[in-house]
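Note: hydrogens, waters and symmetry copies are ignored here, and every other heavy atom, side chains too, is used. On a predicted model such as this, the values are computed, not experimentally measured, just so you know.
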Amino acid sequence: MQTDNQEIQRSVVTTNDVILQKFYENQNSRTTSSLDCYNSEMLLLNFKPQPKTHVYFDSIKGISNQTEFFKVSLPEFFNTNKSKINDLYSMLKQNKNLTNSTDKIFNLLCNYISELRFNDVHLEFTKSELLKITTIFNNNKMLIVSKDIKDSDTDIIYSYFIDRKLIASDVAEIKEFTGKFKEYLSL
């Protein structure tokens with residue numbers, strides 16, 4: 001068997017020079033080996049240490065590769081609408097004993113509802129522990145969005161009225177609903 005270059009890869013757990021030196025000495029101190037049949041010209045040993053990797057870094061790299069970043073352009077009225085809703089919430093919060101989960105649900109609703117161009121807004125907590133946001137639009141249009149503050153999902157109940165007549169009412173996911181409702185309002 002003729003071999004020009006034989007390469008053997010050795011994995012070393014650490015890059016500490018002392019451990020590498022001991023490994024090298026142990027390899028040379030053996031009296032018999034399967035490598036004895038090769039002469040020095042045919043054998044090339046590679047003792048370069050492999051870079052130290054951690055398993056948890058690999059999992060983080062996998063997650064970061066799956067993350068998508070995107071830029072969202074918010075309408076110019078977003079901050080005004082959000083401050084109106086936040087002011088109402090802070091007034092209601094003084095009279096109620098609300099939890100952190102209620103704050104999270106409110107912030108979720110507030111961020112999406114603030115993207116809609118409304119003229120007026122009303123906020124209330126019902127006896128059945130629903131957070132209800134009523135928005136008034138041009139031409140006698142009204143949207144009521146309700147969310148159970150006990151549920152952590154993103155589903156809402158919406159009711160849409162024109163001239164006080166119910167046009168649509170259903171359960172929908174908040175992100176999908178606001179996207180479609182913005183399209184409807186822009187028609």
### Query
Does some side-chain heavy atom of Tyr160 sit less than 4.5 Å from a side-chain heavy atom of Tyr184?
yes
#### Entry: Derivation of the side-chain contact (heavy atoms from CB on, under 4.5 Å) call for Leu123 and Phe106
CA-CA 10 Å; Leu123 181 69; Phe106 167 75; 4.0 Å; yes
### Task
Using a 4.5 Å cut-off on heavy atoms from C-beta on, say whether the side chain of Leu116 contacts that of Phe77.
no
### Query
Can Val145 be reached from Leu166 by stepping across I, L, V, M, F, W or Y side chains whose heavy atoms are under 4.5 Å apart?
no
### Query
Can you tell me if Ser83 uses its side chain to pair, donor with acceptor, with the backbone of Thr80 under 3.5 Å?
yes
### Approximate separation, where rounding is to 0.5 Å, of Lys84 NZ and His122 NE2
14.5 Å
### Query
If you round to the nearest 0.5 Å, how far is CZ of Arg117 from OG of Ser186?
11.0 Å
### Query
Out of Asp153, Ile157, Ile174, Thr154, which residue meets the side-chain contact (heavy atoms from CB on, under 4.5 Å) rule with Lys147?
Asp153
#### Entry: Side-chain heavy-atom pair Ile149, Phe125 within 4.5 angstrom cut-off
yes
### Query
Given the rule in the side-chain contact (heavy atoms from CB on, under 4.5 Å) test, do Val121 and Leu88 qualify, once you have shown the distances and angles that lead to the verdict?
CA-CA 9 Å; Val121 64; Leu88 292 172; 3.8 Å; yes
### Task
Name all residues meeting the salt bridge (charged side-chain N to carboxylate O under 4.0 Å, His left out) criterion together with Asp103; count only those two or more places apart in sequence or in a different chain, and write none if there are none.
Lys93
### Query
To the nearest 0.5 Å, how far apart are CD1 in Ile156 and CG in Asp148?
13.0 Å
Under 3.5 Å donor-acceptor pairs involving side-chain atoms of residues 130-140, not counting sequence neighbours:
{"residue": "Thr135", "atom": "OG1", "partner": "Leu143", "partner atom": "O", "Å": "3.3"}
{"residue": "Asn138", "atom": "OD1", "partner": "Asn119", "partner atom": "ND2", "Å": "2.6"}
{"residue": "Asn140", "atom": "ND2", "partner": "Asp163", "partner atom": "OD1", "Å": "3.1"}

### Query
Got a second to check how far Ile105's CD1 is from Asn100's CG, nearest 0.5 Å?
11.5 Å
### Check: Phe181 ring centroid to Tyr158 ring centroid under 6.0 Å
no
### Query
Does the side-chain contact (heavy atoms from CB on, under 4.5 Å) test come out yes or no for Ile144 and Phe161, once each step is laid out?
CA-CA 8 Å; Ile144 300 173; Phe161 300 86; 3.7 Å; yes
### Task
Using atom types as modelled and distance alone, determine if a side-chain donor or acceptor of Asp155 lies under 3.5 Å from a backbone N or O of Val171.
no
### Query
Would Leu109 end up clustered with Leu92 when hydrophobic side chains under 4.5 Å apart are linked, directly or stepwise?
yes
### Task
Please examine the side chains of Ile85 and Ile113, heavy atoms only from C-beta on, and report whether any two atoms are closer than 4.5 Å.
yes
### Query
Do any N or O atoms from the side chain of Glu173 and from the backbone of Lys175 form a donor-acceptor pair under 3.5 angstrom?
yes
### Query
Between Cys110 and Asn86, is a side-chain contact (heavy atoms from CB on, under 4.5 Å) present by the stated rule, with each step listed?
CA-CA 8 Å; Cys110 181; Asn86 278 328; 3.9 Å; yes
#### Entry: Pairs satisfying salt bridge (charged side-chain N to carboxylate O under 4.0 Å, His left out), at least one member in residues 176-186, at least two apart
Glu115-Lys182, Glu176-Lys180
#### Entry: Separation of Asn111 CG from Thr178 OG1 (nearest 0.5 Å)
10.5 Å
